[in-house]
Amino acid sequence: MSIRVRFAPSPTGPLHIGGVRTALYNYLLAKKEGGTFILRIEDTDQTRLVEGAEDYIKESLEWLGLTPDEGPGYGGDYGPYRQSERKDLYAQYAQQMVEQGNAYYAFDTPDELQAMRKEQEALGHHSAKYDARIRMQMRNSLTLPAEESDILIAAGEGIIRLKMPHDEDVSFVDLVREKVTFNTSELDDKVILKKDGMPTYHLANIVDDHLMKITHVIRGEEWLSSTAHHVLMYRFMGWEAPHFTHLPLILKPTGKGKLSKRDGAKFGFAVFPLEWHDKKEDVVYAGFREDGFDPKALLNFLVLLGWNPGSDEEIMTMERMIKLFSLSKIVKSGARFDVDKSSWFNQQYLMNTADADLLAPVKAAMPEGMTVEDSYLQTVIGLMKERVHKYGDFYTEGSFFFSAPESYDDKQVKKRYKPEQDAHFDAIKSMIAASSDSATLADQVKGYLKDNELKMGVYLPLLRIMMCGALKGPDLFDIIFSLGKDEVLKRYDAALVAFKGMES
RNA sequence: GGCCCGUUCGUCUAGGGGUUAGGACGCCAGGUUUUCAUCCUGGUAGCACGGGUUCGAAUCCCGUACGGGCUACCA
């Protein structure tokens, strides 16, 4: 049977980086095995829906290149792929479990539940669960006379809870952790069908995974504790459960807790693939795209956060990741997000990509109001790409390619510049004015310096500062030829004036 | 608190009874360069702790500590 996996986010906000990695692992397994990668929108909590979140999720997946084979807007034979549109499907299964004695109706109001928890707390039971010990004290179809429950059910007052069996070990195999066991007496009677007729995650999940013929569930570790409930439900329904794989969480750089929404601003990096404007909070959360990352580099960085190919190979294309991916090499422990390494991956990507392929994304990162010719920009890309980490860096680190320096490294100038050098600089200037190509000019200038017993370490750095403002950047003569003679001579004159103003 | 999961350089990880505990990021030093970056060479730094099992434990077992997750009519 061919593999079918799903990525099932909830549209309650932007997709975060942990979700991106979950999507990636699902995608990789599907592609490796010639299977199907499905996007399912888990929007069963109508109160937490956020406008634009579903579109954001899709746009993110598209940007990353993790395009679903099936999903809302992507077609597929197992739709609809939005749980809210499948609402009518779920009740019958919950109903079936009630009839089988595996579930029951409960009528407790939120107030009553809260009162129960308070009461239990007072008795010393920390965060009490609605479980076998408690359920006979509550208002439900197990405790109320049948006629009374029937009336309440008919009036739409009931919700459906799973009835956990008494003292039974439920085990399942997690492909990363091997065997995991829970005892049902530790498990609560989870709500599976809510008052509004919507299923909770647990019901919707197993029903849809079954109906959509999902073979492998790959999700975050936060779901590990409820997996026993899911396994039990598969058993109640007489369905075969899929294989489970729980992914270690991505932690804050401090290692304290899982990475969350606000950590980006706190630690200085994006936690979302795309920038997200939270209208409710009126906050803009940074995105990797807007920060100048290439999605391929991001994915390469993420795939190694919790998985390895079993070798020292680190720089991988998507094809390579697909080829090498395997669930058995997924790591068990949580991984911290390392900003430095993420930007190293992006730099590696830049260095290994052809200038022409970099043109479009670099253009996209261009500051507002700037206009640059493609051919020139491509030259700059070629000269700068091993010196930058992100797309925007071409304009900041390489600002001198686009405008004359606004200031000069005066410390370095003072160290080297003397007015007596002016005559030699004039000679160099005329060489530039007469030059026709970079290599020849370099030879001429260096030859001149040698012939006159002048130090390269004095004149060349000064010439560079005239062009760039500081001692950094690509080959000096390449810069000169990229800028063009007019611009070079203009900068030359302006710099010399500035240099003279500095010494004194 | 309870249950579940985890713990190898600062970080990401390899190694799963006998290894000088390997690689990558970062950092440091040297080389290359007019400079920066790249590149090359070298260095820094780690098996959480305590008991067992064993001729031998980073590796297997138990305990402890620490960390994480879950503990909603949220996902």
request  = Any chance you could list the contact pattern along nucleotides 68-75 of chain B? Use B for base contacts, S for sugar-phosphate-only contacts and - for none, protein heavy atoms under 4.0 Å, 5' to 3'.
outcome  = SBSB-BBB
ask   = Taking protein heavy atoms under 4.0 Å as touching, what does nucleotides 57-64 of chain B look like 5' to 3' if B marks base contact, S marks sugar-phosphate-only contact and - marks none?
value = --------
key: Spacing of CH2 belonging to A:Trp223 relative to NE2 belonging to A:His202, to within rounding of 0.5 Å   =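 Going from CH2 on A:Trp223 over to NE2 on A:His202, the span is 6.0 Å.
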key: Residues that A:Glu222 engages under salt bridge (charged side-chain N to carboxylate O under 4.0 Å, His left out), provided they are two or more places apart   =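 Salt bridge (charged side-chain N to carboxylate O under 4.0 Å, His left out) list for A:Glu222, sorted by chain: empty.
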ask   = With sequence neighbours left out, what residues match A:Lys129 under salt bridge (charged side-chain N to carboxylate O under 4.0 Å, His left out)?
value =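 Partners of A:Lys129 under the salt bridge (charged side-chain N to carboxylate O under 4.0 Å, His left out) test: none.
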ask   = Are A:Asn26 and A:Arg21 linked by a side-chain donor-acceptor pair shorter than 3.5 Å?
value =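 No.
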query = Can you tell me if A:Thr227 and A:Arg219 form a side-chain donor-acceptor pair at under 3.5 Å?
reply =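 Yes - a donor-acceptor pair under 3.5 Å links their side chains.
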Under the rule for side-chain contact (heavy atoms from CB on, under 4.5 Å), what residues qualify as partners of [X], not counting sequence neighbours?
X: A:Glu121; answer: none
X: A:Ala106; answer: A:Tyr104, A:Asp108, A:Tyr130, A:Asn140, A:Ile159, A:Arg161
X: A:Ile330; answer: A:Tyr25, A:Val176, A:Thr245, A:Leu247, A:Pro248, A:Trp307, A:Phe325, A:Leu327

inquiry  = Rounded to whole Å, please give me the gap between CZ in A:Phe345 and P in B:rU11.
reply    =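 A:Phe345 atom CZ is separated from B:rU11 atom P by 17 Å.
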query = Quick one, which residues of residues 394-402 of chain A touch RNA chain B with a heavy atom under 4.0 Å?
reply =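 Contacting residues: none.
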query = Tell me, which of residues 386-393 of chain A have any heavy atom that sits under 4.0 Å from an atom in RNA chain B?
reply =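 Heavy-atom contacts with RNA chain B come from A:Glu386, A:Arg387.
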message = Run the side-chain hydrogen bond (donor to acceptor under 3.5 Å, both in side chains) test against A:Asp409 and tell me which residues pass, sequence neighbours left out.
response =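 A:Asp409 satisfies side-chain hydrogen bond (donor to acceptor under 3.5 Å, both in side chains) with no other residue.
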request  = Quick one: list whatever passes side-chain hydrogen bond (donor to acceptor under 3.5 Å, both in side chains) with A:Thr396, sequence neighbours left out.
outcome  =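 Not a single residue meets the side-chain hydrogen bond (donor to acceptor under 3.5 Å, both in side chains) criterion with A:Thr396.
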ask   = Between B:rU11 and A:Arg336, is there an OP1 or OP2 to side-chain N/O distance shorter than 4.0 Å?
value =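 Checking A:Arg336 against B:rU11: at least one side-chain N or O falls below 4.0 Å of OP1 or OP2.
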key: Presence of donor-acceptor pair under 3.5 Å, side chain of A:Lys341 and base of B:rA24   =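 Answer is yes: a donor-acceptor pair is held.
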query = Got a sec, which pairs hit side chain to side chain donor-acceptor pair (under 3.5 Å) with one end in residues 451-480 of chain A, sequence neighbours left out?
reply =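 Passing the test, one end in residues 451-480 of chain A: A:Ser438-A:Asp478.
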inquiry  = Is the distance between the ring centroids of A:Phe499 and A:Tyr408 under 6.0 Å?
reply    =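 Yes - the distance between ring centres of A:Tyr408 and A:Phe499 falls below the 6.0 Å cut-off.
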